[in-house]
Every structure is written in C-alpha cells, then in structure tokens.
Amino acid sequence: MPVQLLKIIKGKSEPPLPSHLQREDLKHLHAGLDYTNKYFQGVVILSYPQTKLGDGTDFFKIVLQDNSCARIDSINILIYGKMADDCAKVIRNGDTCIVAGFKLAKSPTAREDGRHGCHLEVSEEAGSAIYIYAQPSTTTASETASVSVAPKYAYTPLNHLKDGTIVNLYGIVKFFKPPYVSKGTDYCSVVTLVDQSNAKLTCTLFNGNLDSLPKIYKIGDIVRFHRIKIREYNGQMQGITSSGFASLTFDGTVGTPVVPRTSSKAYTFMDEEEKTVEELRIWAASNLPISGPAAKLSGVRPMLFFDLTCQLVGKAKVDGSSFLLKVWDGTKCPYPTWRIPVEARDLEGEKSLLHRLRNLTVDILAYDNHVQLAKSLKIGSFLRIYSIHTKQASAENEDVSHVEFHLHGGTCYGRGIGVLPESHPDVKELKTFLESVELADSQSVDSMSSLELDSTCNSIAVLTDHQDLSNTELKTIRNSRAPQQYRIRAKLKTFKPQKLYQSVKLHCSKCNSLQEVPNGDTFDLILQECAVTPSNPELHSTSWYESVMWTTQDQKQRKITIHFVKHDEMLLYPEDTLLMIEGGTSKEIWKLTRRFKCVIPVRSTKNDLELLDLSAPFLLQGKVKYYGCKQCSTLKPIKNLSSLAAEPRPSWEPTEIAQALGIEPLQYVFIMKFTLVDGTGALNAYLFDYEKFFQIPASEILSNNFLQQKMQMTMNTLSPPGRKLDDLPWLECFIKSYNITDGNKQQVYYQIFDTTVAEDVV
DNA sequence: GTTTAGGCTTTG
C-alpha cells in the first residue's frame, strides 16, 4: 500500500514499518547515493494545493521539516500520479510523514526557499511508499474515541518559525491582552510568547466565540497552540489564528498540577505534553522575571497601575462611554475611595449585600471599549481586571483626597477584564477568604464592618501581659540607661520592611545569627547536584528502613529511591510516616509531603546515607521547610532516626528530628523595625517575633496567602498608609532597652516584647 | 471565505 496511515501505540509504530528500511537524516541526503532501503521522516509544515501537470498527471507538493534544528531543516517533497491524489486527501500540516523509495534530485527552488538543495520525488510507479502518522481531528469527539492512539504532534521552537507555515507550538506568556471586543466581528486577544530558544512571538488571535480564545490569566502562563499560522509582519514573525486553531493553557507555576484550560472538547494531552509544560515552567522560573505577589485592595497606593482579582458585587451604566463596576476582594483599601453617583434603578446587584459590603467595595469606572464587556459581566462572578489606574483626587466638598479607580479605554499594557472560572485556584482561595470576612462581618454587634470600626476608633489596644506597668514617655526612655522595660503609648510612624514577606528570616538561637530564607531555586540546584550521585544499593532496606526504587517515566529516566523508616503503624497511617528520599526533584518531594508526615532529602555515600548540604532543608513537613545552622550543627549518623522510630507512636517533631541528626535548627522569625512617636520624641524599636505579635507563625507565612493578607491588614491597621501623623491610631506595647557594644562604642537598642496585636483590632 | 490588530504605550 503506497500511502498508509500509521498509529503510534506505546511508542511503537502500528503497523510496524518494513524492517529493511533505515532512517536517513536530512544532512545525509546527497545526490548520487542509493536510497533504496532508506526513508526520510519529517513533519509537514507546508502543503501546496494539489494540481495537474501539463500531461494530466496529478501533482502534490509538501514540505517536511526534520528535528535537527540545523540551519536548513526542511525539504520539498514532490508527489506524482495517484499517490499525489491519495496524499492530498489525508495529509495535513503537523502530520509526521515517512517517505521511502524516493528519488533524489536537485531542487530548482533551493535558492529562493532556503530549503535543502535537493528535493525528493515519489510516485507509485517508482515503487515509493509514504507512511503518515496523522493527527486526529480536534473538532469531532468521535475520532478521539479511539483512545489507544497516541497522535504525534510536532512542535516548532519559536526560533524555527517560517513565513507562510502553519505550525504547532508551545510558549510561555510574556505579555497578553485578555480578549476584548475588536472593531470587526470577533473578540481579539494578543499574546506574546517566549520559549527556551529565547525567541519571541507575538500572536494575534481572533474568534467570534470568547471561549475559543486561550484562557490566559496571568503572565507566566504556558500555552500550547495547534495550527497557528505564521506570517512575517514588519520584519518579524507573527502568529495569527488559522482555521482549526486550538489552544491549551496551563498555570506556569512550578509544582502546581498540570491541568489544561481549554474549550476544546477533544484534545490530546499525555505524559509527553506534561513533561513539556514542566520543562517550560522550570526554564521560566530561572530565566524570566518572577512576578511579585498579587495586589490586594489593602495594598493599593495612589498613582499606580495594578491587576486586581475580585468579585463583582454591583454594576451600573454611567454614560455612553463609561460603566461602573463595584467589586471587593475582602480587604479594605487604606484610603478613602470615590463613590460614583448613579441612579438607584441603574444599579444592578443584591441591595442588601451592596449595603453590607459598602465599606469594602470599591467603584471602578471602565471606559470605551471595555464598556461592552463590563455590561455583560454577571453579578457574583470573579474577575481579574488588568491595569487599573489609581488616581488621587479631591472633590470640592471634600476635606481629604480620595482614590479613584479607572480602567481607561484601549488595550495597551494588557488593560482589560478577564472572567476567572470558579475552578481557578485563586478564585477558590478568594472565595474562602470572602466567606470568612462576611462571617466576621455578620458577627459584629452593630453589623458595622470590624474593619470599619478600627478606622473610626482612634486608639488601638495592643494587648500585653504586664498590665501593671504604667506608660512612660519616649523622651524619658531615650534619656534613661539600659537595660530596662517599659510600657509605652505611641504611634507607628513608619516601619521596615514595607514588603512584608521580606521581614521573614531564619534565626539560630545558639549563635544568634540571622540569615535570609533560601529560595526554592537553591533547593532545586542542590537536588540536581545530588541526583548525579547514584543511590548506593548496599544501603537499601536495612533493619530500620524499607527501600523502594523506581525510574521516572520521562526521557531523563531518573532513578528515585525512597527509604521508608519502619514503625508499627507505617502501613496503617502513611500520614504519620517519615521517609528519606534520594534523587527526587523539589516538586516530587512536595508531592510526598502531602501524603507523608516527614520527608528528609538524603544522598548515598560509600557507607551510609547522609543529609544534603545545609543550604537545603534537612526536613520538609506540611508546607514548611526546616533548615539547620551551618555553624552550630554537628551532624550525627542518620541511623539515629531509628531510635525515634522505635517509639510506639513517634511524634516526628522537627526539633526532635534535628536533635537526633545533630542539627541546630533555625527558626523562622519576623524581624521588623518600627519607628514609634508619641509627641515627646521618637525611637526605633525592633520587633523580633516567632508568632506572638501577629498571632501568625513566621514559619507558615511564606506558604500561606491568608496569613500574608492577615499580616498586611494588621500593618494597615497599625499604620494606615497615607494618613497624617495626627490621624494615626495610638498603640500600646512593651519595649525593653538593651546595650550593644560595637568596638568601644556602646549603643542602646529597643525591642518590642510580650506584645500581641489584639484579635479585634484586625 | 478572512476584517478585526499588529503589545513595548496607560491617565476622563
């Protein structure tokens, strides 16, 4: 059969290719050689319309690209006669094609098309054969019902795109405009991609159906486009939707589940695709700028542009060119915000909710091209509004200025509105948070928001232990000798760091050193280095642990070894089990922490398992990485863990594990500098806090968004941004003075102690 | 069959 469709099942061709055929690379194709038993394989990147030659012979020309990534990576295939007709019926761009029994001839167009100097000629008469690994149609579900078929799509790196081709590709979103109403008949979305080749591609995507455009929610998302047309525009390659265009979108965060977002009912997505996404994520994490934490209304400052994830509570038409959206995100904007007057009958939304949340919602005015989309939004839906402008202004009848929220017309900087699905993790998180805020709100006595209370109440009680002490003025404290303890009443004029996540450090209580929390990349790097050393089989399955080894399914075929520390309940309660792992990635390790109590990364030496470098966590439990002090730790044999395991129900406390391993554990701590004033003077007091002050464990804040929001709100309450000194609330707290000798200079420092921010303040 | 927009710029 000269033209045959093949399938790939479990990585093997089905039916198999004739065994006498051998593959030949593009670079080995030279005129004059014998190719009787050779075949060439490539991906169809271009096919010309089928025509008839002067003598009536059918003729069909396609271009195949190999995966060599060489300068010349494509070749023309000329197909004659019945074979041309057969091929034209089935071959589509993106198919993988095998050509056997070809004749090699000089290509007359090589100079113009930049392809291989020769072309391949095939026909039934010459005894040629063509095998095709076809892509399934993405439009009908029935065709993908033949499940065992693994269709072979080829993906073009962004630096190998050629004008006039239709390709499949992957990319990381570097810039995007959420779908907006174009001046034509369709929605439009502009997406700029990058990949490991560092090449960029801007794609202009059109579709009359909003749902058919890629569901990109933030920069860093990863997309897979099928059948996108490549054109040259202004000297650069440009992508544009072609018929049959389909897309998948993935979250770009390393370690999150690889779940495609798409409107396609039928699509292929398997291990290989998952691998590609994960590789792009890892590349992006180390090669592209990381975005900071998402903005919240509590973090809003005047005169900036930001993206807001929020829920729509109300909407109203204002005039022909602007539309009002009332939204909230559960946090309170620290500034007075503007209220856009609208007719009550124009305001859509649940009246009681609008009233109840009146101090937490903000008015956003959407202009011009955004009006149509804004109008169509459903009350209660979750939105991400991109590039909102905050503007400070004051009306004539106002004493203080307010902040206005504008979504200006146009789409530059990706300005626009995106609707997030309920399944989006950010929405799930926001929902939980909003519910907790509403609950707290409904519980407050006078149905006044607790957040509103503190802004009207002028003095904040910061609860302390030593209620017997009386207040001392700051001036008196500054003029006194250290060390002493005081109760003070003061205002928090300013504090550092302003970026709250920067306040978390690691502290060694033995040598009193402080260090930054290593970032995730350091851990990945150490794991990568360790993975080079193979696990020593002689150390597997001893008296106190059971070892299991396996090979990863990906191309790298990595070996991972897990040593389960034995104890009675091991099989009954995986959630109580401690395990040691060799050769895993941080993602795999995090996955294990979800199932098991403790995970200790180790590596093999000749004689024993040992911990990794102490720049890596010695233990992972829950969402927390536990680190040890490099100076103060004297590592003990890993076998010491067996004595802990011998206990009937081991608690696996990090401190106990650290002790058994000879590790001096580092503790997570908040370090902040508070500048306090009280009218008699000012002083800087340090906050050194594991948990007590904010009622938030410092160890958990880096992995918990709720806690980060809680902390931000606490700081906004203690020091509302943009407020004059007179309007700041009073705080009561304890400070102690102490001496630090630096050379022969002695200096007095102050530290906040025994102070807790009262529950009802936040 | 094939317009729309074509990011590198924001402001009522």
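Please read all numbers here as calculations on a predicted model, not as lab measurements. In what follows, every chain begins at residue 1, and chains take the letters A, B, ... in the order their sequences are listed.
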> Using the rule for Phe, Tyr, His and the six-membered ring of Trp, do A:Tyr367 and B:dG12 stack at under 5.5 Å and under 30°?
Replying inline: yes
>> Please classify the nucleic acid contact of A:His389 as base, sugar-phosphate, or nothing, using heavy-atom distances under 4.0 Å.
In response: base
Distance-only criterion, 3.5 Å: show the donor-acceptor pairs between side-chain atoms of residues 175-185 of chain A and protein atoms not counting sequence neighbours.
| residue | atom | partner | partner atom | Å |
| --- | --- | --- | --- | --- |
| A:Lys177 | NZ | A:Thr411 | OG1 | 2.7 |
| A:Ser182 | OG | A:Gly184 | N | 3.1 |
| A:Ser182 | OG | A:Asp186 | O | 2.7 |

> In Å, rounded to the nearest 0.5 Å, how long is the span from CG of A:Asp346 to NZ of A:Lys317?
Replying inline: 5.0 Å
> So what does A:Gly414 hit on the nucleic acid, given a heavy-atom distance under 4.0 Å: a base, only sugar-phosphate, or nothing?
Replying inline: nothing
> For A:Phe175 and B:dC8, do the ring centres fall under 5.5 Å apart while the planes stay under 30° apart?
Replying inline: no
> Ring centres of A:Tyr155 and A:His226 under 6.0 Å apart?
Replying inline: yes
>> Per the side chain to side chain donor-acceptor pair (under 3.5 Å) rule, what does the pair list look like for residues 198-208 of chain A, sequence neighbours excluded?
In response: A:Thr192-A:Thr202
> What nucleic acid atoms does A:Asp368 come within less than 4.0 Å of, heavy atoms only: base, sugar-phosphate, or nothing?
Replying inline: base
> Between the base of B:dG12 and the side chain of A:His408, is there any donor-acceptor pair under 3.5 Å?
Replying inline: yes
>> So A:Leu365, base contact, sugar-phosphate only, or nothing? Heavy-atom distance under 4.0 Å.
In response: nothing
>> Categorize A:Tyr180 for me: base, sugar-phosphate, or nothing, with a 4.0 angstrom heavy-atom threshold over every strand shown.
In response: sugar-phosphate
